[in-house]
Amino acid sequence: MNAKKQANRPGKPQEEQQGNLWPRRLTWGGVAVVGLGLIVLLAVSLVSEEFLTGVPDGTEQVEVGPPRHVEGELYDDHEVPAGGEHSEVWQNCGFYDMPIQAENALHSLEHGAVWITYSPSISADQIAMLRRFTGPIDKVLVSPVTDQESPIVATAWANQLTLSDAADIRLEQFVNEFTTSSTGPEPGGRCNGGIGTPDF
């Protein structure tokens, strides 16, 4: 008896109860739309940075000799050549905290790699920023060069860019452009299985 009375007890009309739900639904809908918009903007930003390409301003085209394989030392310790004669053994791509031989690095450039060299006098923060360009599957070499006048030099076969700051967006643009281009004589060549034990 009591249960029946309670079931028949008058309350708010069903339409009014549903009407009270709409503000809550609109609020959650607005939150969802804003969240989705932020995700889309972040994704677009990341993609645009990752695929920033084109030859960056300041890149110098360097006249180089034929890519012949020769023996012996050809370049001084402070030289960063952009092509020409080089060793028959390429340098394994990755990060090095000690100087490497230009003769081996050039063979990596022949295979389509980018060689980023830095003056040993730059800060640890700058070096850490350069290190992020390297990885097990990336065709990028990073190494110091004794007595290098410029803080940072990015080199691809027959192309070179001088920079003063590792945060300069042109460095990322240079790497994206030349590690995916056919500028080198053998762009499909390997960047591992050669000489050197890099860090990543």
Side-chain angles (χ1 to χ4, degrees), residues 52-56 58-120 122 126-163 166 168 170-200:
L52 180 64
T53 57
V55 179
T59 301
E60 179 185 355
Q61 288 190 325
V62 182
E63 187 174 344
V64 299
R68 287 196 299 261
H69 294 170
V70 298
E71 295 182 359
E73 294 186 7
L74 304 171
Y75 307 100
D76 294 332
D77 291 343
H78 66 277
E79 283 189 88
V80 183
E85 295 180 336
H86 55 271
S87 171
E88 64 180 355
V89 181
W90 59 86
Q91 189 80 29
N92 292 327
C93 285
F95 177 84
Y96 295 86
D97 58 8
M98 297 293 289
I100 59 177
Q101 293 296 120
E103 292 81 7
N104 303 111
L106 277 182
H107 196 146
S108 300
L109 298 190
E110 182 184 30
H111 288 181
V114 167
W115 184 19
I116 302 173
T117 57
Y118 63 90
S119 168
I122 68 173
Q126 291 279 301
I127 295 173
M129 293 180 71
L130 297 178
R131 186 174 187 146
R132 71 183 175 89
F133 286 99
T134 64
I137 60 173
D138 295 323
K139 297 180 83 171
V140 179
L141 280 164
V142 176
S143 70
V145 169
T146 305
D147 298 328
Q148 178 170 292
E149 293 184 5
S150 300
I152 299 163
V153 177
T155 305
W157 190 271
N159 289 272
Q160 205 159 56
L161 175 64
T162 300
L163 301 161
D168 192 323
R170 292 179 299 159
L171 178 57
E172 185 170 357
Q173 185 177 351
F174 188 95
V175 169
N176 290 344
E177 175 68 18
F178 290 107
T179 57
T180 58
S181 72
S182 57
T183 305
E186 299 175 6
R190 297 169 62 189
C191 208
N192 56 28
I195 192 174
T197 305
D199 294 328
F200 297 110

Does [X] reach the side chain of [Y], with side-chain heavy atoms less than 4.5 Å apart?
X    : Y    : answer
L171 : F133 : yes
E85  : V70  : yes
R131 : D199 : yes
V153 : Q160 : yes
D77  : P99  : no
C93  : V140 : no
E110 : H86  : yes
F178 : L109 : no

V80 vs Q148, side chain to side chain contact (heavy atoms under 4.5 Å, CB included): CA-CA, chis, key distance, verdict: CA-CA 9 Å; V80 183; Q148 178 170 292; 3.6 Å; yes
From [X] atom [atom1] to [Y] atom [atom2], the distance as rounded to the nearest 0.5 Å:
X    : Y    : atom1 : atom2 : result
L163 : F174 : CG    : CZ    : 9.0 Å
N92  : S108 : CG    : OG    : 7.5 Å
I116 : Y96  : CD1   : OH    : 13.5 Å
T162 : E149 : OG1   : CD    : 10.0 Å
E71  : S87  : CD    : OG    : 8.5 Å
E73  : E103 : CD    : CD    : 6.0 Å

Nearest heavy atoms of Y75 and G84, plus distance in Å: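 So the minimum-distance heavy-atom pair works out to OH-C, 4.2 Å.
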Worked check of side chain to side chain contact (heavy atoms under 4.5 Å, CB included) between I100 and L141: CA-CA 10 Å; I100 59 177; L141 280 164; 4.2 Å; yes
For I127, all residues meeting side chain to side chain contact (heavy atoms under 4.5 Å, CB included), sequence neighbours excluded: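 I127 satisfies side chain to side chain contact (heavy atoms under 4.5 Å, CB included) with F95, Y118, I122 only.
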Other residues, nucleotides, ligands: >12 heavy atoms within 6.0 Å of Q61 CD: no
Table please: side-chain donor-acceptor pairs of residues 184-198 below 3.5 Å, with sequence neighbours left out.
residue : atom : partner : partner atom : Å
E186    : OE1  : H111    : NE2          : 3.3
R190    : NE   : N192    : OD1          : 3.2
R190    : NH2  : N192    : OD1          : 3.2

D168: side-chain hydrogen bond (donor to acceptor under 3.5 Å, both in side chains) partners, not counting sequence neighbours: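 With neighbours one apart ignored, the set is R170.
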Stepwise side chain to side chain donor-acceptor pair (under 3.5 Å) check, Q173 with T53: CA-CA 5 Å; Q173 185 177 351; T53 57; over 6 Å; no
Donor-acceptor contact present, side-chain T179 to main-chain V175, <3.5 Å: yes
